[in-house]
K.L.:
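One structure, pasted below without further comment.
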Amino acid sequence: MNVTGVVVEYNPFHNGHKLHINETKQITDADLIVAIMSGNFLQRGEPALISKWARTKMALNQGVDIVLELPYVYATQHAELFANGAISILNGFGANSICFGSESGDIKDFHRLITFINENETTYKESIRDALKKGNSYPKALSFAFKKLKNHNQVLDLSLPNNILGYQYVKAIYEQKANIKPFTIKRREAQYHDKEIPKQSIASATSIRKKLVKEQDHLNSINHVVPSTTYDELVQYRKMYHNFQDWERLFPYLKYKVLTSSPIALANIYEAEEGLENRLSQTINEATSFQSLMEKIKTKRYTWTRLQRFCLHTLTNSTKEEMSAINDTTPYIRVLGMNQKGRKYISSQKKYLELPLVSTISKINHPFIDIEKRATSCYSLGYSPIIQAKLIKEEYAHPPVII
């Protein structure tokens, strides 16, 4: 079968995602769509609006055949490690291709960029180091270094978020020698950071989340930008859990964690660098919300996303030692859900897979699983004790969603 992968967060699944699935099937001639989906926490260092199980249902109801989890240790990383984890899972699962959205829309641009960066690797890395020494954030250092390269304007624009991720996917394919052919489709209409719901049917996930958090009791305003199955799932989720998750609901627990941790313990948290842990502990008492905390610790050196990820790793107590085990190959493949076609594929292929296929994590012992359990326990905070117990039990015992 022609198995095509997509790397997603679906926070939540909307009409733009549906368009991506349809176009992916068309340009790759896919027999099967496999989504590599982040769990309860996302790449920008924030909690998913709704649980991974609800987002899995949304995906399976709109054309995805199998949903596999991108583990916390990869899902909450900068673009390079995020992409390495996703490509590793797709390669281990036997995918033939991947299709991602980009501002470019031309896969040749990404192949040319790989060659261009390789030809200028020494100069590029030196310029990155220089830019970092001057106090720039890592993304800005990359941008400055890239623009210093001769003829940089003749290749792909690496200042745009989806181009950056797409480049990392293609780079990971090259470096892992994965037998995966990359495709890309151009993002249209709503852009990644758009914050307002438009009148047309395509909206950014950012604008949808903003509306859902602000108007949790009135979901009708997003009805025209999400599939009916997504809307129904959101309504049902709201009834069952009473709230959508966000950082403000988790802030009191982050504050408690920081206030009760020693300086040494905070310094051992993953991504605690250059005294960032001291800045967090010195400002936490002054903050009255997560938003105000972020505004107080934000500097030119660190992006908002970078700081959110550090706060997240602090909340989940993810240490440098634990996370040092990360490499380019994921140690297992966890199935979150499948439809009947996906189920048949897994049944026919699982004995040929080089990586263990996991349906419930109670059946596997691995340090990454321990982090996953802890992350879910933290994700459940802010809900009632009954809901907390439900979410934690699901992490251990929830079988794959089957539709």
Side-chain angles (χ1 to χ4, degrees), residues 2-9 20 24 27-28 30 33-39 42-44 66-121 124-125 128 138-139 141-143 145-146 155-185 187 192 305 309 323-334 353-355 368:
N2 184 9
V3 180
T4 297
V6 292
V7 185
V8 301
E9 292 185 327
H20 176 211
T24 293
I27 70 171
T28 67
I33 298 292
V34 177
I36 309 300
M37 192 182 79
S38 303
L42 310 177
Q43 198 212 357
R44 290 175 57 81
I66 299 172
V67 180
L68 306 177
E69 183 172 35
L70 183 62
Y72 174 96
V73 296
Y74 294 100
T76 59
Q77 297 280 4
H78 58 77
E80 184 173 12
L81 284 176
F82 180 93
N84 278 339
I87 294 301
S88 172
I89 293 173
L90 284 176
N91 193 42
F93 197 67
N96 310 107
S97 58
I98 181 175
C99 185
F100 55 87
S102 67
E103 289 84 3
S104 162
D106 187 347
I107 199 61
K108 294 177 184 176
D109 290 344
F110 293 90
H111 290 296
R112 282 194 290 265
L113 181 60
I114 294 290
T115 301
F116 177 77
I117 293 292
N118 287 342
E119 290 173 348
N120 294 274
E121 184 177 12
Y124 184 49
K125 289 183 176 179
I128 291 172
Y138 188 69
L142 291 179
S143 179
F146 183 73
V155 292
L156 187 73
D157 184 357
L158 264 187
S159 67
L160 301 173
N162 293 284
N163 282 352
I164 293 170
L165 260 179
Y167 163 69
Q168 293 296 344
Y169 293 142
V170 178
K171 178 170 170 279
I173 289 171
Y174 275 87
E175 291 179 347
Q176 295 181 29
K177 296 180 173 58
N179 189 27
I180 296 174
K181 183 177 181 180
F183 294 85
T184 189
I185 47 183
R187 286 182 65 92
Y192 183 81
T305 296
R309 285 201 293 256
M323 302 289 268
S324 67
I326 300 170
N327 54 44
D328 290 344
T329 303
T330 51
Y332 58 86
I333 299 174
R334 185 182 185 185
L353 300 180
E354 296 180 3
L355 295 173
F368 289 179

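Reckoned from all heavy atoms, side chains included, excluding hydrogens, waters and symmetry mates. Numbers here simply count residues along the sequence, with the first being 1. Since we're looking at a predicted model, the values are computed, not measured.
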K.L.:
Check T4 against A30 and note the closest heavy-atom contact, atom names and distance.
P.N.:
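Reported closest heavy-atom pair: OG1-CB, 3.3 Å.
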K.L.:
Under 3.5 Å, is there a donor-acceptor pair between the side chain of H20 and the main chain of I185?
P.N.:
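Checking the backbone N and O of I185 against the side chain of H20, no donor-acceptor pair under 3.5 Å is found.
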K.L.:
Please report the interatomic distance CG(L156) to CG(L158), rounded to the nearest 0.5 Å.
P.N.:
5.5 Å
K.L.:
Taking all atoms of both residues into account, what is the closest heavy-atom pair of G5 and L90, and its distance?
P.N.:
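Minimum heavy-atom contact is CA-CD2, 3.6 Å.
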K.L.:
Begin with the C-alpha distance, continue with both residues' side-chain angles, and end with the deciding distance and a verdict on side chain to side chain contact (heavy atoms under 4.5 Å, CB included) for F116 and V155.
P.N.:
CA-CA 8 Å; F116 177 77; V155 292; 3.9 Å; yes
K.L.:
First locate atom CE of M37, then atom CD1 of I89, and finally report the distance between them rounded to the nearest 0.5 Å.
P.N.:
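So the gap between those two atoms works out to 11.5 Å.
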K.L.:
Can you find a pair of side-chain heavy atoms, one from V34 and one from V6, that are under 4.5 Å apart?
P.N.:
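Result no, sub-4.5 Å side-chain heavy-atom pair not found.
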K.L.:
Measuring from atom CG of L355 to atom CD1 of I333, what distance do you get when rounded to the nearest 0.5 angstrom?
P.N.:
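Spacing of CG (L355) from CD1 (I333) equals 4.5 Å.
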K.L.:
Using a distance-only test with no angle check, is there a side-chain donor-acceptor pair under 3.5 angstrom linking T184 and S102?
P.N.:
yes
K.L.:
Would you name the heavy atoms of E69 and G39 that are closest together and state the gap between them?
P.N.:
OE2-CA, 3.5 Å
K.L.:
Quick one, F110 with I107, criterion side chain to side chain contact (heavy atoms under 4.5 Å, CB included). Give me CA distance, side-chain angles, the key distance, then yes/no.
P.N.:
CA-CA 5 Å; F110 293 90; I107 199 61; 4.1 Å; yes
K.L.:
Is there a side chain to side chain contact (heavy atoms under 4.5 Å, CB included) between Y72 and F368 once you walk through the steps?
P.N.:
CA-CA 8 Å; Y72 174 96; F368 289 179; over 6 Å; no
K.L.:
Is N91 reaching over with its side chain to a backbone N or O of I87, donor-acceptor style, under 3.5 angstrom?
P.N.:
no
K.L.:
Please find the pair of heavy atoms, one from V3 and one from G94, that lie closest to each other, and give the distance.
P.N.:
CB-O, 4.2 Å
K.L.:
For the residue pair F93 and I66, establish whether any side-chain heavy-atom pair is separated by less than 4.5 Å.
P.N.:
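A side-chain contact under 4.5 Å exists here.
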K.L.:
Are any of the side-chain heavy atoms of Y167 and L113 separated by less than 4.5 Å?
P.N.:
yes
K.L.:
Between I114, L165, I180, I98, which is the residue that forms a side chain to side chain contact (heavy atoms under 4.5 Å, CB included) with V170?
P.N.:
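So, applying the side chain to side chain contact (heavy atoms under 4.5 Å, CB included) to V170 and each of I114, L165, I180, I98, only I114 qualifies.
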K.L.:
Ignoring hydrogens and geometry beyond distance, is a side-chain donor-acceptor pair present between N163 and S104 at under 3.5 Å?
P.N.:
no
K.L.:
Hey, is the main chain of Q43 close enough, under 3.5 Å, to the side chain of Q77 for a donor-acceptor pair?
P.N.:
no
K.L.:
Looking at every heavy atom in both A172 and N84, which two are closest together, and how far apart are they?
P.N.:
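Result for this residue pair: CB-OD1, 3.3 Å.
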K.L.:
Under 4.5 Å between any side-chain heavy atoms of K171 and E80, yes or no?
P.N.:
yes
K.L.:
If I take atom CG from residue L142 and atom NE2 from residue H78, how far apart are they, to the nearest 0.5 angstrom?
P.N.:
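Here the interatomic distance stands at 9.5 Å.
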K.L.:
Can you check side chain to side chain contact (heavy atoms under 4.5 Å, CB included) on T24 and I33, steps first, answer last?
P.N.:
CA-CA 9 Å; T24 293; I33 298 292; 3.8 Å; yes
K.L.:
So which heavy atom on F82 is nearest to which on L70, and how close?
P.N.:
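It is CE1-CD2, 3.5 Å.
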K.L.:
Does some side-chain heavy atom of N96 sit less than 4.5 Å from a side-chain heavy atom of K181?
P.N.:
no
K.L.:
Can any side-chain N or O of S88 pair as donor or acceptor with the backbone N or O of T330 at less than 3.5 Å?
P.N.:
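Yes, because the side chain of S88 sits within donor-acceptor range (under 3.5 Å) of the backbone of T330.
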K.L.:
Going by atom types only, do T305 and R44 share a side-chain donor-acceptor pair under 3.5 Å?
P.N.:
yes
K.L.:
List in chain and number order the residues that pass salt bridge (Lys or Arg N to Asp or Glu O under 4.0 Å) with E121, two or more places apart in sequence or in another chain; answer none if no residue qualifies.
P.N.:
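Here the qualifying residues are K125.
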K.L.:
Can a side-chain donor-acceptor contact be found between T28 and S97 if the only test is distance below 3.5 angstrom?
P.N.:
no
K.L.:
Is the Y169 ring parallel, tilted or perpendicular to the F100 ring (thresholds 30°, 60°)?
P.N.:
tilted
K.L.:
If you count heavy atoms of other groups shown closer than 6.0 angstrom to CG of N179, is the number above 12?
P.N.:
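It does not: N179 CG has 12 such atoms or fewer within range.
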